[in-house]
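Some notes on the structure that comes next.
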Amino acid sequence: MARLRSALLLALVAPLLALPPADAAAAKGKTKAKPIPQNCAARKLCNFPLEEREASLHQVPEDLLEKVPKGHLKPLGHPDFLDSWGGEIDVVEEMDPHTFWTKYWPKKPFILKNWAKKSPAYTKWKDDEYIAKNFGHFKVKCEPKNEDRLTDYCGQVKFGQKIKCGKDTIPYEETFMKIKNFLPRYRKSDFDKYIVTQMPDAMGADVLLPNFHSCTKRDPDDPGPEEGGRWMAQMYESNFWLAYNAGNNFSSSVIHYDMNHQIMCQFDGKKEWIMWDLEEEGDKIPMWSNYYQKGKNEAQGSDDSPIDGERVDLERWPQFGTATWYNTTLQDGDCLYTPSLLLHYVRSYGRSISMMTMWQRNEQYDPKCNGEEVGEPKTLDKYDIMWSFPEEDKSLLGYNMVKMGYPNWKGSFLRPLAAKARKSKDKKLKKKDFAQYVKTLASREGLKGMKARIEKAWAEMDQDGDGLVEPWRLFRCRELRFILKDVSVGMEGGRPPQEEESEDAVCDGDGECPAIS
């Protein structure tokens with residue numbers, strides 16, 4: 001098998017092997033840095049086990065054997081990296097809010113063993129026919145199975161050199177299609193896409209969420225979800241993954257961190273995770289944009305590393321070999337807490353299907369749980385999630401738009417408005433103050449027709465007609481919520497369009513579409 005792969009992939013291997021050693025130019029009196037190549041897995045040279053790969057990909061040149069650290073050109077998790085291994089993360093059978101918030105949040109990940117088996121999704125989502133019948137009409141975002149983000153930086157100066165992207169550079173591309181058009185193709189060997197998207201709201205009823213993250217501190221007047229209460233955590237966004245990797249093949253991420261705290265539940269397949277604590281190891285790990293601020297343990301935005309997780313270049317970045325790493329395997333039926341800013345690399349195997357829901361980094365723990373007892377675990381559809389998909393109403397600017405990483409409209413706009421009401425003499429909001437506040441936000445984003453929308457929102461809240469509104473009504477007002485969501489979508493106006501792939505790409509000329517295999 002290894003020989004067969006070697007013969008087929010020789011032409012693709014050549015560009016990687018042709019890269020000049022870092023000290024070759026220096027020997028000639030020059031300081032030209034070697035180019036940063038695309039990830040080996042993205043070129044389909046390293047998206048399978050090491051023993052099946054072209055051996056020369058991982059062979060250290062003789063002139064470097066005594067110069068580079070152990071682990072050079074090896075994949076993450078290789079025995080050569082055991083000297084810097086910090087062990088596996090915690091695996092627990094149960095977790096309560098007090099333990100979570102005082103011992104694990106905000107930095108320590110853990111596996112919640114077997115929790116995902118309690119969800120209807122654990123059995124239902126194993127069936128492609130069920131997914132097609134119930135969710136097939138929803139649009140999803142798809143990406144290449146083996147992620148590479150080099151083209152995000154083409155032409156920019158990074159690490160003291162201009163990033164060059166030749167004609168053979170594989171572009172990073174997002175595509176959009178309906179789930180029903182994805183399912184007939186995703187098991188085919190020539191279909192190199194997987195779903196990574198904002199999860200449709202309708203899928204939330206199939207996911208029973210653990211409640212260890214309960215008791216995020218809510219605004220004093222925020223009543224919480226109508227079918228729950230103030231004890232429930234304020235959620236931000238939910239995502240959905242679906243990939244298929246035949247045999248020993250795997251899909252893979254880049255080394256990156258995310259801005260939000262996350263709970264991921266695995267309903268089929270498995271994911272291998274390798275993790276680093278940036279606060280402890282950040283000085284040893286190169287990042288493309290350097291958004292992370294070590295002294296504050298904060299970041300200006302999410303970021304990723306140029307290090308290839310399947311072919312680690314320790315000649316260029318020798319310190320990385322000493323960075324302490326941790327690992328875990330998220331098995332079918334388990335859930336994982338991933339803290340904000342936790343650097344990680346992920347390999348996914350088999351038919352891998354999972355969901356992830358998140359809450360924002362600035363959410364804080366309230367030991368009194370907003371004055372309520374923690375309730376029994378609830379399905380995800382019972383939570384108040386800031387961003388919905390496709391959206392609550394077709395009239396919204398963000399309707400049928402995959403909204404990943406959009407602004408926190410509740411924290412930025414709604415909570416300040418409630419605080420404004422509390423500061424007034426009557427501790428209520430006057431219509432003129434409400435109208436002015438909303439007009440200012442809307443005009444900034446060029447939103448039209450606001451006079452009628454303001455009147456509609458006010459009528460919804462001021463049900464006794466006294467011209468004053470209690471702060472709690474702001475959190476229950478549907479039209480106000482719609483306005484603030486539109487303002488936030490307007491703030492993201494620079495994002496590219498999300499045109500769906502044509503049905504012609506799936507169906508033949510007679511309109512016959514392939515059945516789910």
Looking at [atom1] of [X] and [atom2] of [Y], how far apart are the two atoms once the value is rounded to the nearest 0.5 Å?
X	Y	atom1	atom2	answer
Thr197	Glu143	OG1	CD	9.0 Å
Lys271	Phe250	NZ	CZ	13.0 Å
Leu380	Leu208	CG	CG	10.0 Å

Specify whether Trp105 and His261 have parallel, tilted or perpendicular ring planes, treating 30° as the upper limit for parallel and 60° as the lower limit for perpendicular.
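Ring orientation, 0 to 90° scale: tilted.
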
Relative to the ring of Phe135, is the ring of Trp125 parallel (under 30°), tilted (30 to 60°) or perpendicular (over 60°)?
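It falls in the perpendicular class, over 60°.
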
Does NZ or CZ of [X] come closer than 6.0 Å to the centre of the six-membered ring of [Y], within 45° of the ring's axis?
X	Y	value
Lys439	Tyr437	no
Lys270	Tyr349	yes
Arg187	Tyr244	yes

Report the C-alpha separation of Asn181 and Tyr186 in whole Å, then their side-chain angles, then the decisive distance to 0.1 Å, and conclude whether the side chain to side chain donor-acceptor pair (under 3.5 Å) test is met.
CA-CA 9 Å; Asn181 293 336; Tyr186 83 115; over 6 Å; no

Check this for me: does any side-chain nitrogen of one of [X] and [Y] sit under 4.0 Å from a carboxylate oxygen of the other?
X	Y	value
Glu363	Arg361	no
Arg422	Asp219	yes
Lys180	Glu501	no
Asp190	Arg185	no
Lys431	Glu455	yes
Lys113	Glu94	no
Asp384	Arg218	yes
Glu376	Lys378	no

Ring centroid separation His213 to Trp359 under 6.0 Å
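Ring centres of Trp359 and His213 closer than 6.0 Å.
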
What about the rings of Tyr194 and Phe182, do their centers lie closer together than 6.0 Å?
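Ring centroids of Tyr194 and Phe182 are no less than 6.0 Å from each other.
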
Are any side-chain N or O atoms of [X] and backbone N or O atoms of [Y], one a donor and one an acceptor, separated by less than 3.5 Å?
X	Y	value
Glu237	Met386	no
Glu272	Val346	no
Gln156	Asp152	yes
Asn370	Glu372	no
Gln266	Gln331	no

Test side-chain contact (heavy atoms from CB on, under 4.5 Å) on Val489 and Leu396 and set out the steps.
CA-CA 9 Å; Val489 171; Leu396 288 167; over 6 Å; no

Please determine whether salt bridge (charged side-chain N to carboxylate O under 4.0 Å, His left out) holds for the pair Glu492 and Lys403, giving the CA-CA distance in whole Å, both sets of side-chain angles, and the decisive distance to 0.1 Å.
CA-CA 10 Å; Glu492 298 293 305; Lys403 301 174 290 296; over 6 Å; no

For Arg478 and Glu460, run salt bridge (charged side-chain N to carboxylate O under 4.0 Å, His left out): C-alpha distance rounded to whole Å, both residues' side-chain angles, the deciding distance at 0.1 Å, then the answer.
CA-CA 8 Å; Arg478 184 174 185 265; Glu460 183 183 340; over 6 Å; no

Identify the residue among Tyr104, Trp101, Phe110 that makes a ring pair (Phe, Tyr, Trp, His ring centres under 6.0 Å) with Phe212.
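With Phe212 as partner, ring pair (Phe, Tyr, Trp, His ring centres under 6.0 Å) holds for just one option, Phe110.
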
I need the full list of disulfide (SG to SG under 2.5 Å) pairs touching residues 172-269, with sequence neighbours left out, sorted by first then second residue.
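Matches after skipping sequence neighbours: Cys215-Cys369, Cys265-Cys335.
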
What's the shortest heavy-atom distance between [X] and [Y], and which atoms?
X	Y	value
Pro497	Phe176	O-CE1, 4.4 Å
Met401	Gln198	O-OE1, 3.6 Å
Thr151	Pro171	CG2-CA, 3.8 Å

I need the full list of ring-ring contact (aromatic ring centres under 6.0 Å, His included) pairs touching residues 469-490, with sequence neighbours left out, sorted by first then second residue.
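Every pair satisfying ring-ring contact (aromatic ring centres under 6.0 Å, His included) with a residue in residues 469-490: there are none.
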
